[in-house]
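Every number for a ligand or one of its atoms is a count from 1 in the order of the listing. Positions are given from 1 along the sequence.
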Amino acid sequence: MQTDSSFTFVLFGGTGDLSMRKILPALYEAHRAGMLEASGKIIAVARHEEDRGGYLQWVNEHVKTHVSRNGVDENAWSSFVDRIEYVKLDLGKAEDFVKLRDAMQDLPGTRVFYLATGPSLFVPICRALASVGLNENARIVLEKPLGYDLRSSNAINDAVGEIFAEGQIYRIDHYLGKEPVQNLLALRFGNALFEPLWRREWVESIQITIAEELGVEARGDFYDNTGALRDMVQNHLLQLLSIVAMEPPHSMDSDSVRDEKLRVLRALKPIDPRDISKVAVRGQYHAGVIRGTSVPAYATEPGVKTDSATETFVALKVEIENWRWAGVPFFLRTGKRLADRVAEIVVNFRAVPHSALGSSALRPGANRLVIRLQPNETIRLYCLAKKPGEGMNLSSVHLDLAFDQFFKEGQMEAYQRLLLDVIHGRLALFVRRDEQEAAWKWVEPILNEWAASGKPKPYAAGTWGPAAASAMLAQHDTCWLEEEN
Ligand code: BG6
């Protein structure tokens with residue numbers, strides 16, 4: 001692998017939604033912040049009959065509006081677009097890959113191939129790159145979904161693995177690039193304070209929620225063949241779970257961190273198909289109202305089958321079979337068209353074993369850590385304190401770390417961090433093949449059982465999902481965080 005910090009970033013799917021909304025804006029932000037080597041080039045690749053001028057016009061029209069945090073600095077924007085070239089490429093034409101190779105011939109440094117395409121194109125693109133020798137000294141970035149189940153993901157990984165070594169493959173899970181997820185690692189492994197408490201003796205339960213207000217947008221067709229379990233649980237939620245539950249790694253190098261996450265994924269208690277109705281709830285949204293606006297039912301969204309049995313909501317009870325976590329339930333939840341957009345991890349500590357201060361000190365959740373990933377990235381520690389005045393009356397208070405107030409600048413979007421990591425060859429925040437396999441293996445019994453029988457439970461858009469998700473927690477004498485308020 002070359003160490004030269006110059007690079008050529010080749011973006012397959014260069015006119016697609018992901019390139020427009022996430023990848024090109026993230027590269028612009030990195031450029032504006034002076035984090036990209038001056039000689040680094042971006043080559044956008046797509047099927048469209050276009051020249052460089054036409055592509056840059058498209059970039060001006062479509063990408064600029066997605067550049068977030070700091071708006072557009074016109075000088076930085078103009079030097080950013082100077083980096084961009086366009087190559088029209090038809091996958092079926094070998095000579096087009098020769099053209100791409102020629103365009104890269106004299107460009108120094110690392111080669112990054114970012115496949116912002118559907119997974120069915122991953123293998124043909126990799127083979128075509130290899131046929132013109134472009135797999136040498138290169139890194140390949142694969143977007144999710146990587147496959148549809150264990151078998152199809154193995155098939156892709158096997159085929160890509162014949163062309164690229166594992167150390168050249170960057171499987172993206174953008175949740176791993178989010179600042180608060182990084183901060184969770186800092187919180188757990190940079191402070192001695194939490195480690196003694198981070199275990200079954202002191203933790204009663206953990207909740208991880210990724211709730212969205214958005215529906216399936218223009219992706220009905222894709223989503224209807226995917227569902228929330230594949231779209232969010234197999235990757236984002238299980239990755240968050242593995243970071244919350246992992247043992248302290250020996251160092252932050254890529255394999256130390258990924259080895260520890262893998263141990264967690266392999267220790268997930270296998271789901272017995274007979275127990276699925278007790279530990280897994282699936283739902284599908286019906287018409288409802290979100291923030292005063294009526295929204296249609298999932299089954300009437302464009303691209304969705306009217307009798308669709310695809311889940312737009314999942315809640316699970318997960319257990320980890322090791323000494324640290326045995327017996328502690330982890331409740332995972334995700335859904336579209338829910339009451340709020342929020343992603344957070346809630347660690348509920350046990351109540352004191354005996355209270356000399358009255359029964360309020362015995363209530364569950366008196367001590368709690370809430371790590372909010374979005375919106376308003378914060379870490380909040382809840383404790384009980386005495387209410388002012390006469391008598392010993394306890395009330396919940398909290399200590400807050402709001403990152404944007406403490407660190408006024410330097411925040412990075414997930415994609416910006418991850419793209420810089422690819423360019424600089426840092427693999428720690430990318431999913432290794434064995435992690436991905438372990439995650440697929442664990443979700444597969446649920447996928448199979450749900451495919452074979454029954455339908456998701458309905459829930460009205462703008463609510464927190466089917467009542468069964470609350471009932472599942474009630475069996476453990478607990479409730480979702482928002483139900484306490
Ligand atoms: C993607 C899913 O991976 O994550 C989408 O495919 C989902 O369905 C998105 O909306 C959520 O990401 P974020 O960063 O907006 O929470």
Side-chain angles (χ1 to χ4, degrees), residues 13 16-23 25-26 29 66 68-69 114-119 141-148 153 170-184 208-241 243 282-285 290 295 298 301-304 308 310-314 332-345 371-378 403 411-419 429-431 435-436 439-440 443 456 461 465:
D17 203 56
L18 188 69
S19 300
M20 174 176 82
R21 285 172 192 273
K22 297 286 185 193
I23 301 171
E29 284 294 351
H66 294 288
S68 57
R69 289 203 196 260
Y114 195 116
L115 308 196
T117 64
V141 188
L142 305 178
E143 259 295 336
K144 69 174 267 288
L146 215 146
Y148 184 75
S153 118
Y170 292 69
R171 297 180 191 82
I172 271 216
D173 182 315
H174 77 280
Y175 264 73
L176 294 182
K178 291 190 188 257
E179 194 80 51
V181 177
Q182 297 292 291
N183 246 309
L184 179 58
I208 307 179
T209 292
I210 305 179
E212 298 186 84
E213 285 180 18
L214 288 179
V216 290
E217 306 294 287
R219 299 194 308 157
D221 203 15
F222 155 78
Y223 195 89
D224 208 34
N225 289 309
T226 305
L229 196 62
R230 292 187 176 91
D231 190 41
M232 299 295 287
V233 178
Q234 185 274 339
N235 33 64
H236 305 323
L237 275 169
L238 288 185
Q239 281 293 326
L240 290 181
L241 169 72
I243 289 182
R282 61 177 153 161
Q284 187 188 89
Y285 65 82
I290 298 188
V295 297
Y298 172 72
E301 301 268 20
V304 173
S308 170
T310 299
E311 77 287 353
T312 60
F313 174 96
V314 176
L332 311 188
R333 174 176 63 159
T334 186
K336 299 225 177 257
R337 290 287 192 222
L338 295 183
D340 203 358
R341 172 179 183 252
V342 61
E344 65 190 7
I345 299 163
I371 300 147
R372 179 165 275 215
L373 311 184
Q374 62 195 27
N376 316 325
E377 302 157 6
T378 43
F403 296 112
Q411 302 270 332
M412 253 191 227
E413 295 290 347
Y415 269 94
Q416 182 181 342
R417 175 193 325 284
L418 294 173
L419 295 184
L429 300 182
F430 296 84
V431 180
E435 290 179 80
Q436 198 181 44
W440 274 123
V443 297

Please check if any side-chain donor atom of [X] sits under 3.5 Å from a side-chain acceptor atom of [Y], or the reverse.
| X | Y | value |
| --- | --- | --- |
| Q374 | Y175 | yes |
| E435 | Q239 | yes |
| D224 | T310 | yes |

### Task
Using a strict cut-off of 4.0 Å, indicate which atoms of ligand 1 neighbour a heavy atom of H236.
1 (C), 3 (O), 4 (O)
### Task
Give the atoms of ligand 1, by number and element, whose distance to some non-hydrogen atom of K336 is under 4.0 Å.
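Answer for ligand 1: 5 (C), 7 (C), 8 (O), 10 (O).
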For [atom], what's the nearest protein heavy atom and its distance?
| atom | result |
| --- | --- |
| atom 6 (O) of ligand 1 | D231 OD1, 2.6 Å |
| atom 4 (O) of ligand 1 | H174 CE1, 3.4 Å |
| atom 10 (O) of ligand 1 | E212 OE1, 2.5 Å |
| atom 15 (O) of ligand 1 | R341 NH2, 4.1 Å |
| atom 5 (C) of ligand 1 | R219 NH2, 3.1 Å |

### Task
Could you tell me whether E344 and R372 make a salt bridge, using a distance below 4.0 angstrom between a side-chain N and a carboxylate O?
yes
### Message
Check this for me, if you would: do D17 and K22 make a salt bridge, where the nitrogen-to-carboxylate-oxygen distance has to be below 4.0 angstrom?
### Response
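No salt bridge links D17 with K22.
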### Query
Does an N or O anywhere in K144 fall below 3.5 Å from an N or O of ligand 1?
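In this structure, K144 places an N or O atom under 3.5 Å from an N or O of ligand 1.
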### Query
Could you go step by step and tell me if D340 and E213 meet the side-chain contact (heavy atoms from CB on, under 4.5 Å) rule?
CA-CA 6 Å; D340 203 358; E213 285 180 18; 3.6 Å; yes
### Query
Which option out of K22, K178, Q374 puts a heavy atom nearest to atom 14 (O) of ligand 1?
K178
### Message
Looking at ligand 1, is there an atom of it that comes within less than 4.0 Å of some heavy atom belonging to Y175?
### Response
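It does; at least one heavy atom falls under 4.0 Å.
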### Task
May I ask you to establish whether R337 and Y298 are in a cation-pi arrangement, using a distance under 6.0 Å from NZ or CZ to the six-membered ring centre and at most 45° from the ring axis?
no
